[in-house]
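Heads up: the structure comes next, in structure tokens.
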Amino acid sequence: MYVSVIKPIILYAASVWAPAVKKIGVQKHLNTIQRGFAQKICKSYRTVSLHSALLLAGLIPLDLRVHEHADLYEAKRGRPILCLPDDRELERRVSFMTAEHPARDIEIGFSCLEDLEPATVEKYQLKGQLIFTDGSKIEGKVGAAISVWREGEERRAIKFKLERYCTVYQAELFALWKAVELVREGKERQTCIFSDSRSSLELLQNPKSSHPLGFAIKKNIEQIRNQGKDIRMFWIKAHVGIAGNERADELAKTAALHKRTLADYQECPLSYVKRMIRQNSLDQWQDRYTSGTTGGTTKIFLPDVREAYKIIRKIQPTSTAVQILTGHGGFGFYLHKFKCKDSPSCKCDPNANEDIIHLLTDCPRFGRERQDLEIEIGIKVTPENLKEIMKNVEKRQSFLEFGVTIAEKIIKENKT
Ligand SMILES: [Zn+2]
């Protein structure tokens with residue numbers, strides 16, 4: 001309900017009113033709404049702070065979400081935003097003002113080939129110059145290449161480098177673009193272009209696409225046709241031993257790994273911009289969470305918001321586990337604070353508060369169980385070690401089982 005109804009309503013046109021979020025009054029409103037939902041999502045007590053509830057519900061603060069919307073909106077309009085590196089811009093869509101009128105849109109078909117055996121060559125009349133294109137992402141680096149063949153031999157090979165954040169899809173399209181440019185500028189009358197990226201070729205068929213590279217490719221093909229040259233596109237299966245394709249693949253990988261020039265293409269894909277915007281939000285949330293005065297117990301278990309998000313998604317804590325992770329539950333110290341119990345102290349020692357950290361790490365009443373656990377997980381159960389225990393899958397599981405047993409016992413004890 002929260003994700004599909006409440007959040008979209010609140011974030012409606014968020015990019016317009018994002019500046020108002022800096023006002024404390026607006027922020028308070030947003031916090032109140034979100035805190036209620038976060039508490040219900042994570043099944044916590046109603047006294048749990050905003051910080052803890054958000055963290056355990058796996059939600060990013062609403063005001064940060066508002067800023068995310070605004071940033072994305074600005075980026076899509078080509079305005080600089082803070083979380084992108086200098087002079088980097090989102091790959092801009094082609095505006096409908098510059099795009100071709102639908103009635104004048106050219107048709108670019110392609111045929112699919114399984115191999116380049118003599119029979120296939122004969123059937124499809126593959127002659128003139130053959131250009132193989134490919135894009136590759138390897139070890140986080142991106143490259144593209146074209147390999148030009150005539151009479152069974154490679155005549156030319158060109159490598160291109162793309163920025164690290166570019167996608168393989170961009171690389172494939174970039175290679176296609178460079179290939180058609182080569183054809184437009186060259187003298188060759190007949191060309192066949194081969195790509196193993198079906199999605200790139202399909203993009204060229206889609207009249208509604210506004211991808212800038214797709215647009216550039218189409219423009220070139222139109223000019224090539226106007227020059228009276230013949231150009232045809234083919235999809236070929238990758239990694240089936242087609243020499244030209246293997247060569248283009250190898251060139252693209254070499255370009256990605258070893259080409260030491262400035263990138264030939266550096267437009268940011270949308271996925272990258274979104275990721276940077278999210279990183280920025282998470283940094284801000286981390287600052288807020290760390291410096292905030294609330295959520296003290298949760299911070300002992302989960303000091304890092306990114307880490308916490310991963311953990312919470314995996315364990316989907318029960319309400320008892322949430323009582324442990326927030327300290328808000330049927331424990332003496334908490335009950336006393338809200339005037340439900342006369343004394344905050346633990347049965348083991350009148351000077352020790354019966355709070356969850358004491359129960360888990362210190363209380364002699366559970367010494368045996370704790371010792372068994374410590375032997376099992378190979379680490380001492382101290383307040384300082386709790387965050388380490390939470391990070392490790394097996395340790396966390398055993399620890400939470402141990403915690404839930406204690407918590408259930410204490411909750412029952414305090415009820416009677
Ligand atoms: Zn105790």
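Keep in mind that the numbers below use all heavy atoms, side chains included, and drop hydrogens, waters and symmetry copies. Counting convention: from 1, in listed order, for ligands and their atoms alike.
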Q | Cut-off under 2.8 Å, centre the Zn ion (ligand 1), protein N/O/S atoms | A | Cys346 SG, Cys348 SG, His358 NE2, Cys363 SG

Q. Below 4.0 angstrom, N of the basic side chain to O of the carboxylate: do Glu250 and Lys253 qualify?
A. no

Q. Going by atom types only, do Glu91 and Tyr265 share a side-chain donor-acceptor pair under 3.5 Å?
A. yes

Q. Atom CZ of Arg225 and atom CD1 of Ile221: how far apart are they, to the nearest 0.5 Å?
A. 6.5 Å

Q) Would you say Lys395 has more than 12 foreign heavy atoms packed within less than 6.0 Å of its NZ? A) yes

Q | Enclosure of Tyr2 OH (heavy-atom neighbours >12, cutoff 6.0 Å) | A | yes

Q | Option among Val180, Leu213, Ile108, Leu203 that satisfies the side-chain contact (heavy atoms from CB on, under 4.5 Å) test with Lys218 | A | Ile108

